[in-house]
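Have a look at the structure below, then the notes.
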Amino acid sequence: MPTHQPIFSIVLPVYNEARNIPTLLQRLTDTMNDLEPRYELIFVDDGSVDGSVDILMQYRADEPRIVVLKFSRNFGHHLALSAGLDHAKGEFVVMMDADLQDQPEEIPRLYEALKQGYDVVYGRRRHKKFSWWRRTTASSFRWLMKHWVGFPVPGGVFRIARRKVVDAVCSCRERHRMLVGLMSWVGFRQSAIEVEHGHRLAGESKYDFRRQWRLALDTLTAFSVRPLRLAWWTGLLFSISGLLSAVGVWAGWLFLNRHTPWWIALMCVGFFLGGVQLMAVGIVGEYLGRLFEEVQGRPLYILDDVERIDVYGDESMSSEEEKQ
Ligand code: UDP
Ligand code: MG
């Protein structure tokens with residue numbers, strides 16, 4: 001059936017990647033022309049200052065399947081990805097980085113895996129080409145998300161998703177977002193394949209410590225209000241230990257006639273009162289957490305499918321309308 005819509009949309013965030021674009025485009029178009037020529041390449045320029053947009057526009061003159069979205073300034077990797085998803089029209093949407101660390105040649109493999117009956121297939125990066133420090137901090141953070149928060153965030157950005165998943169992700173409009181986490185949150189059938197993680201072709205990683213830290217905080221706070229609860233539990237621990245020590249001091253004085261130094265008694269009171277205060281902060285935190293979740297404004301639920309036969313047909317509708 002002829003269609004004017006693309007089958008594949010490839011979303012690529014670009015922040016000062018001018019030197020990578022020619023090779024990236026060559027490899028992407030080679031791969032996609034073999035796989036399915038009805039595709040679009042959505043480049044989201046995230047406020048580049050190295051002429052990335054000019055290069056993209058030059059290529060666009062000969063290749064109408066290139067779409068260029070230009071941000072007015074740098075908004076960040078995950079907002080660039082979100083803009084790309086918002087504009088993607090394809091039935092299958094691929095997200096990948098523009099520095100060739102995600103290899104275009106892996107797209108057919110992701111698609112093959114998707115066809116096995118999944119809605120999202122993400123790449124689990126083999127032999128990560130990040131520094132030792134980056135790998136350690138990232139894996140510690142993933143561990144924390146999985147075991148403490150109970151919300152694992154699997155895989156990197158490189159992935160393929162069906163339209164219904166993209167629509168669900170696009171319906172979440174929170175500002176501080178970690179797109180991979182959001183795609184995990186919406187559910188559906190997800191799977192992973194191993195992909196090779198390449199070296200960055202040119203330029204430097206934009207994820208310095210500050211950006212990594214910000215992303216980690218965005219992820220933690222977007223999917224959990226647990227840090228707010230910490231105050232409550234710490235407070236409880238402090239006030240119980242304050243109370244128990246006070247009972248010990250009092251029992252020592254009563255039964256053993258042992259006089260405890262004044263500063264120990266003072267510490268008991270301090271522990272107890274400090275604990276009570278922390279618990280009060282924890283209670284405020286509980287309300288704040290709920291408020292935060294409301295403000296995020298995520299959909300209440302996401303339907304994968306609705307099985308329903310309209311047994312009453314249109315007639316019942318008209319009789320309903322008549323009644324009103
Ligand atoms: N990127 C972006 N905005 C930013 C930072 C990065 O659009 O503020 C893009 C960047 O051009 C690349 C992708 O996001 O295509 C991943 O960035 P990078 O390679 O620096 O991250 P790393 O591979 O080190 O995680
Ligand atoms: Mg990279």
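We're numbering straight along the sequence, starting at 1. Whatever order the structure lists ligands and atoms in, that order sets their numbers, starting from 1.
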re atom 14 (O) of ligand 1, the protein heavy-atom contact at minimum distance is His77 CD2, 3.1 Å

**Prompt:** So does Asp97 have any N/O/S atom less than 2.8 Å away from the Mg ion (ligand 2)?
**Reply:** no

of all protein heavy atoms, closest to atom 1 (N) of ligand 1 is Tyr15 CB, 3.7 Å

- Task: May I ask you to check whether His197 and Phe158 place their ring centers less than 6.0 Å from one another?
- Result: no

Taking only non-hydrogen atoms of Arg200 and a 4.0 Å limit, the atoms of ligand 1 in range are 18 (P), 19 (O), 20 (O)

Glu17 heavy atoms within 4.0 Å reach ligand 1 at atoms 10 (C), 11 (O), 12 (C), 15 (O)

One finds that the ligand 1 atoms under 4.0 Å from a non-hydrogen atom of Arg134 are 22 (P), 24 (O), 25 (O)

Given the side-chain rings of Phe130 and Tyr207, with only the six-membered ring counted for Trp, is the space between their centroids under 6.0 Å? no

When distances are taken from atom 23 (O) of ligand 1, the protein heavy atom at minimum range is Gln101 OE1, 2.8 Å

Between Glu17 and Ser52, is a side-chain hydrogen bond (donor to acceptor under 3.5 Å, both in side chains) present by the stated rule, with each step listed?
CA-CA 6 Å; Glu17 305 287 2; Ser52 293; over 6 Å; no

Output yes when Arg126 and Glu194 qualify as a salt bridge under the 4.0 Å nitrogen-oxygen rule, no when they do not. yes

protein heavy-atom neighbour closest to atom 24 (O) of ligand 1 works out as Ser205 OG, 2.4 Å

What is the ring orientation for Phe209 with Trp213, classed by angle as parallel under 30°, tilted 30 to 60°, or perpendicular over 60°? parallel

| Ser82/Arg177 under side-chain hydrogen bond (donor to acceptor under 3.5 Å, both in side chains): CA gap, chis, key distance, verdict | CA-CA 9 Å; Ser82 305; Arg177 49 178 51 209; 2.9 Å; yes

Check: Taking N or O atoms only and a 3.5 Å limit, does Ala80 qualify as a polar contact for ligand 1?
Finding: no

Nearest heavy atom to atom 20 (O) of ligand 1, choosing from Lys128, Lys129, Lys206, His78, belongs to Lys206

- Test item: side-chain donor near acceptor, Asp97 and His77, under 3.5 Å: yes

**Prompt:** Trp253 ring centre to Arg258 NZ or CZ under 6.0 Å, with the angle to the axis within 45°?
**Reply:** no

A student checking ligand 1 against Tyr207 at a 4.0 Å heavy-atom cut-off should list atoms 20 (O), 21 (O), 25 (O)

Of all the N, O or S atoms in Asp99, the one nearest to the Mg ion (ligand 2) is OD2

protein heavy-atom neighbour closest to atom 8 (O) of ligand 1 works out as Arg211 NH1, 2.7 Å

Contact (N/O only, under 3.5 Å) between Phe130 and ligand 1 | no

One finds that the ligand 1 atoms under 4.0 Å from a non-hydrogen atom of Asn74 are 3 (N), 4 (C), 8 (O)

### Message
Under 6.0 Å from the ring centre and within 45 degrees of the ring axis: does the NZ or CZ of Arg73 meet both conditions for the six-membered ring of Phe75?
### Response
yes

Closest heavy-atom pair, Ser224 versus Val149, reported as atoms and distance to 0.1 Å, is CB-CG1, 3.3 Å

Margin query: Tell me whether Glu204 has any N or O atom under 3.5 angstrom from an N or O of ligand 1.
Written below: no

re atom 4 (C) of ligand 1, the protein heavy-atom contact at minimum distance is Asp46 OD2, 3.4 Å

Review point. Is the distance between the Mg ion (ligand 2) and the nearest N/O/S atom of Tyr207 smaller than 2.8 Å?
Key: no

Ligand 1 to Asp99, heavy atom cutoff 4.0 Å, flagged ligand atoms 19 (O), 23 (O)

_N-O pairing of Arg27 and Glu105 below 4.0 Å_ = yes

Notebook entry, point to check: Are Ser191 and Val120 side-chain neighbours, meaning at least one heavy-atom pair lies under 4.5 Å?
Noted result: no

